[in-house]
Amino acid sequence: MSALPFSKISASLNAVLAAIGLLTVAALTTPDIAGQTRLILQVLLAGIWVAFGLQLIETLIVQRTKDIRGSTPEIAVDILAVLVPLAAFLLVHGRDQSLYCAIWLLKPLRGSIFFRLLGRVLTKEARNLIGVTSIFGIVLFGAALVAYVIERDVQPDKFGSIPLAMWWAVVTLSTTGYGDEIPQSFAGRVLAGLVMMSGIGIFALWAGILATGFYEEVRRQDFVRNWQLVAAVPLFQKLGSAALIEIVRALRPRVVPAGGIICRKGEAGDQMYFIVEGRVSVATPNPVELGSGSFFGEMALISGEPRSATVSAATEVSLLSLYSSDFQMLSSSSPEIADVIRKTALERRGATPKA
């Protein structure tokens, strides 16, 4: 199906249009803008709205015959970006109409994998996060209660009730310390110090839980991706799951664009390479091309000699690299793989040299 004019907006263009729209919204709140300039800015907002509307139309048309479950967040953002400003134009009067275009803040996030990752982390760590949040609530109410008891007679205007004292507790627990409410008594200041130290610990727990969750999720994704790459190399396809797990941990993926140099003749070699996709060119007296499933650079690991040839990417190539220290590990855990690599290296050494 042919694309509608201006409807296929890339992620970068989405961000640019949203940024222009938000800057325009900010400019329209300036009271000094003259009538003609204001009209131009409003027309600019309308143009951006039209572009987003065309994008929504095509998204709905293209996805009509497809399973749209994976595209639901993107479609929801597109719908909000069009309907919220339209509703404001029809239902809101006065200078606040343009403020509803601030919904375009969501546009740069359209299709972002970060929020899917964040959702998985929050789901996985929900119990721990709820537990820390419960502690936060307990400390918050307890601090407000104690501050009320201690300071209510000294500062009745600021600590005359628990709801009033709770503002102080929030500010102190978050270690913001605005200074608009300060305990006057010695006991109140001791309480403030304890609450601030508790706040540091609670926020550290939140940060630690989220950081660990993100790390584990990213590591899991990398492991799955590397497993797929390793399984695509014919040399490893006969191995069992246990051996594959060790190799996945040892091999490191790398993508080289067409024409890029992978290794140079004469330089020290501390790693060899397995080709997953694409082709490489080995610059020998009789140039050789290697394709998917091949490997090269093994002589550097076996003999410790410098590279004997320069290898470059004939096409964009996806590689798995194996460092010398990991090669020793592979030799002990999968001797059959190491034997094949050594045998191939000796055959190549007796024929045409290769990196």
Side-chain angles (χ1 to χ4, degrees), residues 12 113 215 218-241 243-355:
S12 58
I113 63 173
Y215 171 75
V218 171
R219 186 177 64 174
R220 185 190 67 81
Q221 292 181 355
D222 288 343
F223 183 86
V224 172
R225 180 192 62 187
N226 292 350
W227 180 285
Q228 293 171 342
L229 293 176
V230 168
V233 177
L235 188 62
F236 301 139
Q237 289 179 350
K238 62 181 179 180
L239 298 179
S241 299
L244 272 180
I245 290 175
E246 293 188 14
I247 294 173
V248 166
R249 291 171 177 169
L251 296 178
R252 308 178 189 185
R254 177 183 175 187
V255 177
V256 181
I261 301 298
I262 300 171
C263 58
R264 296 182 184 275
K265 181 178 180 179
E267 68 181 11
D270 62 345
Q271 57 187 308
M272 65 174 294
Y273 302 92
F274 298 86
I275 304 174
V276 179
E277 293 180 350
R279 300 191 312 276
V280 302
S281 176
V282 184
T284 60
N286 297 313
V288 177
E289 279 199 356
L290 302 176
S292 301
S294 302
F295 56 88
F296 61 92
E298 70 285 347
M299 287 303 301
L301 300 188
I302 296 173
S303 65
E305 299 175 354
R307 301 288 189 190
S308 59
T310 297
V311 181
S312 59
T315 64
E316 182 177 85
V317 60
S318 177
L319 302 169
L320 294 170
S321 61
L322 179 66
Y323 284 82
S324 56
S325 58
D326 295 324
F327 177 74
Q328 300 303 322
M329 179 274 294
L330 181 62
S331 298
S332 60
S333 62
S334 302
E336 67 277 14
I337 297 297
D339 289 342
V340 171
I341 293 174
R342 290 193 180 94
K343 181 179 179 181
T344 304
L346 293 174
E347 291 175 353
R348 291 176 176 177
R349 190 172 190 179
T352 304
K354 292 182 175 64

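In what follows, every heavy atom counts, from backbone to side chain, and hydrogens, waters and symmetry copies are set aside. The shown structure was predicted, so the numbers you read here are calculated from the model rather than taken from an experiment.
Taking a 6.0 Å sphere around CZ of F223, one finds it holds more than 12 heavy atoms contributed by other residues, nucleotides or ligands.
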Can you give the donor-acceptor pairs under 3.5 Å from side chains of residues 253-274 to other protein atoms, not counting sequence neighbours?
from, atom 1, to, atom 2, distance (Å)
R254, NH1, Y273, OH, 3.3
E267, OE2, R264, N, 2.9
Q271, OE1, S321, OG, 3.4

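Of all heavy-atom pairs between G278 and I275, the closest is O-CG2, 3.5 Å. The heavy-atom pair separating N286 from V288 by the smallest distance is O-CG2, 3.2 Å.
The salt bridge (charged side-chain N to carboxylate O under 4.0 Å, His left out) test applied to R279 returns E289, not counting sequence neighbours. Considering only residues two or more places apart in sequence or on other chains, Q221 meets the side-chain contact (heavy atoms from CB on, under 4.5 Å) condition with L117, R120, E217.
The side-chain heavy atoms of F296 and V280, taken from C-beta on, include a pair separated by under 4.5 Å. Inter-residue side-chain proximity for F295 and L320 is flagged as unmet; no heavy-atom pair is nearer than 4.5 Å.
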